[in-house]
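Written below as structure tokens is the structure these notes are about.
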Number of protein chains: 2
Amino acid sequence: MTTRKDIAERNDRTLLQAARDVLAEDGAHASVAAIAARAGVGIGSLYRRYKTKEELFQRLSVLSLDHWNEAAEQGLADPDPWAGLAGFIYGCVVFGQGSLAPVAGTIEVTQEMSAKARRGDELLDELVQRAHQADVLRKDVAAVDISLLIEQFGRSPVVDQLRKQGRGDLLTAAAEARRRLIAIALDGLRPGHSPLPGSPPGEELFTGRWSNK
Amino acid sequence: MTTRKDIAERNDRTLLQAARDVLAEDGAHASVAAIAARAGVGIGSLYRRYKTKEELFQRLSVLSLDHWNEAAEQGLADPDPWAGLAGFIYGCVVFGQGSLAPVAGTIEVTQEMSAKARRGDELLDELVQRAHQADVLRKDVAAVDISLLIEQFGRSPVVDQLRKQGRGDLLTAAAEARRRLIAIALDGLRPGHSPLPGSPPGEELFTGRWSNK
DNA sequence: TCAAGGCGGAGCGAATCGCTCCGTACTCTG
DNA sequence: CAGAGTACGGAGCGATTCGCTCCGCCTTGA
């Protein structure tokens, strides 16, 4: 009922959303001023809610972990093992789960965060194990592969860059292509494929100029 | 024969290699000092070879485009359309083609660069068209999808972050998992898959909290 | 032994960072 | 309607880091 409270809550949401977006575009270099500007609020308002930049990022991190766990539980609730796993992966990816990678290591990990991360690992293990037992997931794909896939697809350098440059015309096309890519990767997780026929070629290809160790 | 020249050339190579690595880890925030330190040379030596930071990045960009085109030509030379395309993709990915995305838009694009990029697009089109005609590539995958895939896999936030933190123990495991992921994605490009059975779920999943437009 | 020049890094001005503080304007109550 | 209370935006602080220059050192070749 109190209009004040509502506005405050909405501002808090747009703030976190802006933080995630700017983080995706600018990486670890993301500045507080840029986040506030993106959210359309003054710097002072940001600092009234979060004492420091680190506190904002920690809150964002907790939110991300919460989303992971909720998505995993929602996936486990699905009677279809594959639909559950795919839904979890897709949900994490479109959430932008990989956006926080650049700040990993720059913020202090609270015990709340590590506890939630541990629970997230357990849930993912369960999802993977269930999919394996139902034979709807390649046997040579482990939980760590799913984690990496989510992290890898959790942000798109091209899309982020286009958004940063304000190229709205190319953006929708790129976002659509990205969605296709995710679908392809998800499809590649299913069993029944021949064991990687002819691909990939060895790493020694084209690496004469760079050392890729 | 002249030892001086040899050392200079080798230093130039390590410099570009270091620039690419630091760029992958630090993004657009990568500093000249960090690049020089990574290469094991002084800042003065870097600035003797490249007048400005932009010139270094432009050189790196040209090198990246050259690699793309060489890999594409090498792929076209392969009589097997699929092996040629897969080899091209894999070569570009392990090269770290996506590392330059953060600086795209921050450096001036020379006509040399745009010409090479244009030629690269043509070569990729040819590779894709050949694969389509031989029916070794999903019909619903276009050239732009391949581009995006290379950009998406061209750098791994997790691997880069681990390298930055010096976690050598986890690094090899993550790099190996990444390689598996690439193989899965390549496999997903092949035809004969059922048209994305049951996956992915709609984007409206889990997006109640964030607007993902 | 000595001239020459590639080398590393201290240090410059400028820009940007995270963060504080205060004048302004809006909201709610009596 | 008046006035107290409060949330807001943004100028500006010191500190840090940036790209880049300049100079003394030290290896190199004759």
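Throughout, protein chains are lettered first and strands after them, A, B, ... in sequence-line order, and every chain is numbered starting at 1.
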Reading 5' to 3' through nucleotides 15-20 of chain C, protein heavy-atom contacts under 4.0 Å coded B for base, S for sugar-phosphate only, - for none: --SSBB
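Put simply, B/R49 has a side-chain N or O that comes within less than 4.0 Å of OP1 or OP2 on C/dC7. Applying the 4.0 Å criterion to OP1 and OP2 of D/dG9, one finds that A/S45 has a side-chain N or O inside that range.
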Quick one: side chains of residues 28-41 of chain B, donor-acceptor pairs under 3.5 Å with protein atoms, not counting sequence neighbours, listed by atom name and distance.
| from | atom 1 | to | atom 2 | distance (Å) |
| --- | --- | --- | --- | --- |
| B/S31 | OG | B/A34 | N | 3.2 |
| B/R38 | NH1 | B/E25 | OE2 | 3.3 |
| B/R38 | NH2 | B/E25 | OE1 | 2.8 |
| B/R38 | NH2 | B/E25 | OE2 | 3.4 |

Return a table of donor-acceptor pairs under 3.5 angstrom between the side chains of residues 92-102 of chain A and protein atoms on other chains or two or more places apart.
| from | atom 1 | to | atom 2 | distance (Å) |
| --- | --- | --- | --- | --- |
| A/Q97 | NE2 | A/S64 | O | 2.8 |
| A/Q97 | NE2 | A/S64 | OG | 2.5 |
| A/S99 | OG | A/G96 | O | 2.9 |

Review item, side-chain donor-acceptor pairs of residues 108-120 of chain B, under 3.5 Å, at least two apart:
| from | atom 1 | to | atom 2 | distance (Å) |
| --- | --- | --- | --- | --- |
| B/T110 | OG1 | B/M113 | N | 3.1 |
| B/S114 | OG | B/Q111 | O | 3.1 |
| B/K116 | NZ | B/D66 | OD1 | 2.7 |
| B/K116 | NZ | B/D66 | OD2 | 3.3 |
| B/R119 | NH2 | B/E73 | OE2 | 2.7 |

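Shown here are the salt bridge (charged side-chain N to carboxylate O under 4.0 Å, His left out) partners of B/D78, two or more places apart in sequence or in another chain: there are none. For B/K53, the side-chain hydrogen bond (donor to acceptor under 3.5 Å, both in side chains) test picks out no residue, with sequence neighbours left out. Every side-chain contact (heavy atoms from CB on, under 4.5 Å) that A/V141 has, sequence neighbours left out, goes to A/L137, A/R138, A/D145, A/I146, A/L189, B/I184. Contacts of B/Y50 classified as side-chain hydrogen bond (donor to acceptor under 3.5 Å, both in side chains), with partners at least two apart in sequence or in another chain: B/D12.
When the C1' atom of D/dA7 is taken as reference, atom CG of A/L15 falls 14 Å away, rounded to whole Å. Between B/L46 atom CG and C/dG6 atom C1' the separation is 14 Å, expressed in whole Å. Regarding B/F57, its CZ atom lies at a distance of 11 Å from the C1' atom of D/dG19, rounded to whole Å.
If one axis is set at each end of the helix from C/dT1-D/dA30 to C/dG30-D/dC1 from five pairs, those axes are 20° apart, to 10°.
How far CG of B/L124 is from CD of B/E122: 11.0 Å, rounded to the nearest 0.5 Å.
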